[in-house]
Amino acid sequence: MNDYDKITAFLGQWGRFQQIVFFLLCASIVPNGFAAFSVVFLTDIPSHHCLVPEVNLTQDWRSAIIPIEVVHGKQRLKRCSRYRLDVVRNLSAQGLFPDRDVNLTDLEQESCVNGWSYSRDIYQSTIVSEFDLVCSDQWKQPFTSTVYFLGILIGSFISGQLSDRFGRKPIFFATMAVQTIFSFVPIFSPSWTVFSILLFTSGLGQISNYVAAFVLGTEILTGNVRVMFSSLGVSLGFAVGYMTLPLLAYFLRDWKSLLLAISLPGLLYLPLLWFIPESPLWLLSQGRVKETETIVRKAAKMNKVEAPQVIFDDYSAHPRQHHNVFNLLRTKNIRNMTVILCLVFTLNTGYFVLSLNTSRLHANPYLSCFISAAVEVPAYISSWLALRYLPRRLSAICVLLLGGVSLYFIQLVPENLSVGLEMLGKFGISTGMALMYVYTAELYPTVLRSTVTGTCTTVSNLGSENFKYLPYITVGTLAVMSAFAAFFLPETFGRPLPQTIQQMQRM
C-alpha cells in the first residue's frame with residue numbers, strides 16, 4: 001500500500017476542499033468545550049439555610065432562628081438545621097428577645113422540614129437548588145458529576161471501536177446528535193434520578209465527538225495542515241468553547257437556560273453532513289477504492305486542479321477486516337506500545353485536577369473558570385509549534401516535565417506565587433495532552449487509530465470526578481511518570497501515517 005499523502009499530493013495541502021474540512025471540523029469541537037466542564041456551574045452549591053415559613057415571628061426571632069456556626073474561621077448560618085419553629089414561635093408570642101431574654105444555645109434544633117432557602121447572589125438556580133441536593137442528599141451533588149464522567153468514559157471506549165468498524169463520519173455525526181439532544185432534554189427532568197440518567201447519556205457523546213472529529217480530520221488532511229489541525233485546530237476549538245462557557249454561565253444564571261445555550265449550537269452543525277466526507281484512509285483500509293477516488297476527484301474539482309486518470313492504481317482491494325480493542329494486545333510490540341501510551345495518558349489526571357480546582361484563581365467562579373480556560377490557548381499554540389519543528393518524543397518529555405516539576409513546587413512557595421506555578425503546570429500538561437493525541441494518531445494504523453485514541457481517552461478519564469481531591473504532588477508525580485514512559489515510544493516526526501498493522505510494527 002503506497003503512501004496516501006504522496007498519491008494525493010496533486011491536490012495541494014490548503015485548497016478550498018481542505019479549508020472547508022479544516023474550519024468546519026474545528027467549529028464542531030466548540031460545543032465540546034461548552035459541555036466538558038458545564039457540570040462546574042450546573043452542580044455548584046449556592047449558599048443556603050433552612051427555609052422559615054411565613055408565620056407570626058418578630059423580626060428579631062426571624063433573624064435568630066437559624067443557628068450560627070464557624071467554618072474555616074468564619075461565621076455563617078447553619079445549612080442543615082434551625083431552632084424548633086414551634087418553640088421559637090411561642091417565645092416570640094411572649095415578647096421575649098433572643099440572646100437577651102433567651103439563651104439560644106439552650107434551644108432544641110430541628111432539621112429543615114420546610115425545605116431550604118438558597119442565595120441568588122451568584123446563581124439564579126442550579127440542580128442543587130432545583131432538586132435540594134443538600135444535607136442528607138448532599139452525596140448526590142458530587143455523584144452527579146461522577147455519572148457524567150462515567151458516560152464520557154464509556155462513550156470514549158465504545159465509540160473508538162465503532163468508528164474503526166463502521167467509519168469515521170457516521171460516528172462523528174451520531175455522537176454529535178447524542179451530545180446535542182441529551183444536553184437539551186435534561187431541562188425537562190422531573191427528578192434528580194431522571195436528570196442523572198440523561199446527563200450520563202449526554203456524556204456518551206461528549207469527548208467521543210471530539211475524538212471522532214480529531215481522527216476524521218487527521219485522516220482527510222495531509223502534511224503540515226494535518227499537524228496544524230490535529231494540534232492547534234481541534235484544541236483551539238475546544239478552548240474557545242471552554243472560554244465561552246463561563247461567559248454563558250455569567251449571563252444565563254439559571255441551569256435550564258445554560259443547558260439550552262449549550263445544546264442549541266449543535267443544531268447549526270447539521271449541514272456539515274453534506275460538506276464533510278468519509279475518511280479516505282478508512283475507506284482504503286476497507287478496500288473501498290472507488291469511493292475513495294470519488295472523494296479525491298471531488299476535492300480536485302473544488303481545488304481547481306486536474307486529477308490523474310487513475311489515482312489509486314497500486315492499491316489492491318483489501319478484504320474487510322474488523323478490528324477491536326483486543327488487537328491492541330494481540331502482539332508484543334503493539335501491546336507494549338499500548339501500555340506505555342495508557343501510562344502517558346494518565347497525565348490527563350492533572351488536567352482535571354487543575355480544571356476542576358479553579359477557586360484559588362479568583363473568588364468569582366466565572367472569572368476563575370475563564371482564566372483556567374485561557375491558559376490553554378498559549379499551550380495549544382506551543383504544541384503546534386513543537387509538532388511542526390521538533391521531534392515528538394523530546395517535545396512530550398520536556399513539556400510533561402515542565403508541568404510536573406511546576407506542581408511539585410506549589411507547596412514550597414508563597415500563595416501569590418503558587419497560583420502562577422499552578423497555571424504553569426496546567427500549561428505544561430495541556431501542551432502535553434495536545435501533543436499526545438497527535439503522537440498516538442501517528443503511531444497506530446488506520447484500522448486501529450480510533451480504537452486506540454478512544455481507549456487512551458477512556459484510561460485518562462478513569463475516576464475523573466475524584467481527581468479534584470488529589471494533592472498537587474501526586475499530580476506532579478503522574479506527569480513526571482508520563483514523561484518517563486514517553487521516553488520508550490518510537491519517533492514519528494516526518495513520517496507518514498501508518499495505514500496497516502504491518503507498517504506500524506516495522507516502525
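The structure displayed is predicted, hence computed values, not measured ones. In what follows, every heavy atom counts, from backbone to side chain, and hydrogens, waters and symmetry copies are set aside.
- Cation-pi geometry between Arg253 and Tyr250 is met: under 6.0 angstrom from the ring centre, within 45 degrees of the axis.
- Note on ring orientation: taking the six-membered ring where Trp is involved, the planes of Trp255 and Phe195 are perpendicular (angle over 60°, cut-offs 30° and 60°).
- Formation of a donor-acceptor pair under 3.5 Å by the Gln18 side chain with backbone atoms of Gly12 is found in this model.
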Checklist entry - Run the salt bridge (Lys or Arg N to Asp or Glu O under 4.0 Å) check on Lys426 and Glu376 step by step: do they pass? => result CA-CA 8 Å; Lys426 184 172 186 186; Glu376 297 186 15; 3.0 Å; yes
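- No side-chain donor-acceptor contact under 3.5 Å links Tyr444 and Thr453.
- Across Ile20, Val21, Leu25, a single residue satisfies side chain to side chain contact (heavy atoms under 4.5 Å, CB included) together with Phe275, and that is Ile20.
- In this structure a side-chain-to-backbone donor-acceptor pair under 3.5 Å is present from Gln161 to Phe157.
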Next on the checklist: Checking Glu219 against Arg449 for the salt bridge (Lys or Arg N to Asp or Glu O under 4.0 Å) test, could you report, in this order, the C-alpha distance in whole Å, the side-chain angles of both residues, the deciding distance, and whether it holds?
Outcome noted: CA-CA 10 Å; Glu219 293 180 350; Arg449 189 167 292 121; 2.6 Å; yes
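- A side-chain donor-acceptor contact under 3.5 Å links Trp192 and Thr144.
- Residues Leu328 and Met337 are not in side-chain contact: their nearest non-hydrogen atoms beyond the backbone lie 4.5 Å or more apart.
- The distance from the OG1 atom of Thr8 to the CG atom of Asp5 is 5.5 Å, given to the nearest 0.5 Å.
- Pairing each heavy atom of Pro265 with each of Phe34, the nearest pair is CG-CE1, 3.7 Å.
- For Tyr437 and Tyr210, the distance between ring centers is under 6.0 angstrom.
- At least one donor-acceptor pair closer than 3.5 Å links the side chain of Thr244 to the backbone N or O of Val240.
- With 3.5 Å as the limit, one finds a donor-acceptor pair spanning the side chains of Tyr408 and Thr477.
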Checklist entry - Tyr4 and Thr222: side-chain contact (heavy atoms from CB on, under 4.5 Å), yes or no, with the steps? => result CA-CA 9 Å; Tyr4 172 84; Thr222 59; 4.2 Å; yes
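- The two residues Phe22 and Leu221 make their nearest non-hydrogen contact at CD1-CD1, 4.0 Å.
- For Asn303 (side chain) and Val305 (main-chain N/O), no donor-acceptor pair under 3.5 Å exists by modelled atom type.
- Counting heavy atoms from C-beta outward, Ser372 and Phe37 have side chains that stay 4.5 Å or more apart.
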Item to check | Trace of the side-chain contact (heavy atoms from CB on, under 4.5 Å) decision for Ile311 with Arg297 | outcome: CA-CA 9 Å; Ile311 301 176; Arg297 291 189 185 281; 3.9 Å; yes
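- For the residue pair Asp164/Thr451, the side-chain donor-acceptor check at 3.5 Å is satisfied.
- For the atom pair OG (Ser189) and CG (Leu198), the distance works out to 5.0 Å, reported to the nearest 0.5 Å.
- Here the shortest heavy-atom pairing between Leu387 and Ser231 reads CD1-CB, 3.3 Å.
- Once rounded to the nearest 0.5 Å, the distance linking CZ of Phe238 with CG of Asn32 reads 7.0 Å.
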Item to check | ring pair (Phe, Tyr, Trp, His ring centres under 6.0 Å) between Tyr148 and Phe200, worked out | outcome: CA-CA 5 Å; Tyr148 179 61; Phe200 169 84; 9.6 Å; no
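- Around CZ of Arg16, the count of heavy atoms belonging to other residues, nucleotides or ligands within 6.0 Å does not exceed 12.
- Contact record, Ser208 with Thr175: CB-CG2, 3.7 Å, taken as the closest heavy-atom pair.
- Counting only N and O atoms by type, the side chains of Ser183 and Ser263 include no donor and acceptor under 3.5 Å apart.
- Within the 3.5 Å criterion, the main-chain N or O of Ser279 finds no donor-acceptor partner in the side chain of Arg168.
- Taking the ring centroids of Phe173 and Tyr269, they lie at or beyond the 6.0 Å cut-off.
- With contacts defined as side-chain heavy-atom distances shorter than 4.5 Å, the pair Leu489/Met436 qualifies.
- Residues Ser38 and Leu245 share a closest heavy-atom pair of N-CD2, 3.7 Å.
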Item to check | Residues Phe484, Phe488; criterion ring pair (Phe, Tyr, Trp, His ring centres under 6.0 Å); working and verdict | outcome: CA-CA 8 Å; Phe484 179 75; Phe488 296 96; 5.4 Å; yes
Checklist entry - Could you walk me through whether Cys26 and Phe229 pass the side-chain contact (heavy atoms from CB on, under 4.5 Å) check? => result CA-CA 8 Å; Cys26 289; Phe229 169 82; 3.9 Å; yes
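- Between Glu291 and Gln286, every side-chain heavy-atom pair lies at or beyond the 4.5 Å cut-off.
- Of the possible polar contacts, one joining the Thr294 side chain to the Lys290 backbone as a donor-acceptor pair under 3.5 Å is found.
- Between Lys169 and Leu273, the shortest heavy-atom distance links the atoms NZ-O, 3.0 Å.
- The backbone N or O of Asn224 lies less than 3.5 Å from a partner atom in the side chain of Gln13, making a donor-acceptor pair.
- Note that the CZ atom of Phe409 and the CG atom of Leu424 stand 11.5 Å from one another [nearest 0.5 Å].
- Atom CZ of Phe10 is surrounded by more than 12 heavy atoms from other residues, nucleotides or ligands within 6.0 Å.
- Taken to the nearest 0.5 Å, the CH2 atom of Trp282 stands 9.5 Å off from the OG1 atom of Thr292.
- In terms of modelled atom types and a separation under 3.5 Å, the side chain of Ser383 and the main chain of Tyr380 share a donor-acceptor contact.
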Checklist entry - Do Arg392 and Glu491 pass the salt bridge (Lys or Arg N to Asp or Glu O under 4.0 Å) test, and can you show the C-alpha distance, the side-chain angles, and the key distance before you say yes or no? => result CA-CA 6 Å; Arg392 309 298 193 238; Glu491 184 56 65; 5.2 Å; no
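- At least one side-chain heavy atom of Leu407 sits under 4.5 Å from a side-chain heavy atom of Ile429.
- Listed for the Arg388 side chain is no donor-acceptor partner under 3.5 Å among the backbone atoms of Val227.
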Next on the checklist: Using the rule given for side chain to side chain donor-acceptor pair (under 3.5 Å), can you reason through Thr446 versus Ser285, listing the C-alpha separation, both sets of side-chain angles and the distance that settles it, and then say yes or no?
Outcome noted: CA-CA 7 Å; Thr446 304; Ser285 73; 5.7 Å; no
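- In this structure, CD1 on Ile397 lies 11.5 Å from CG on Leu435, to the nearest 0.5 angstrom.
- The backbone N or O of Leu153 lies less than 3.5 Å from a partner atom in the side chain of Thr458, making a donor-acceptor pair.
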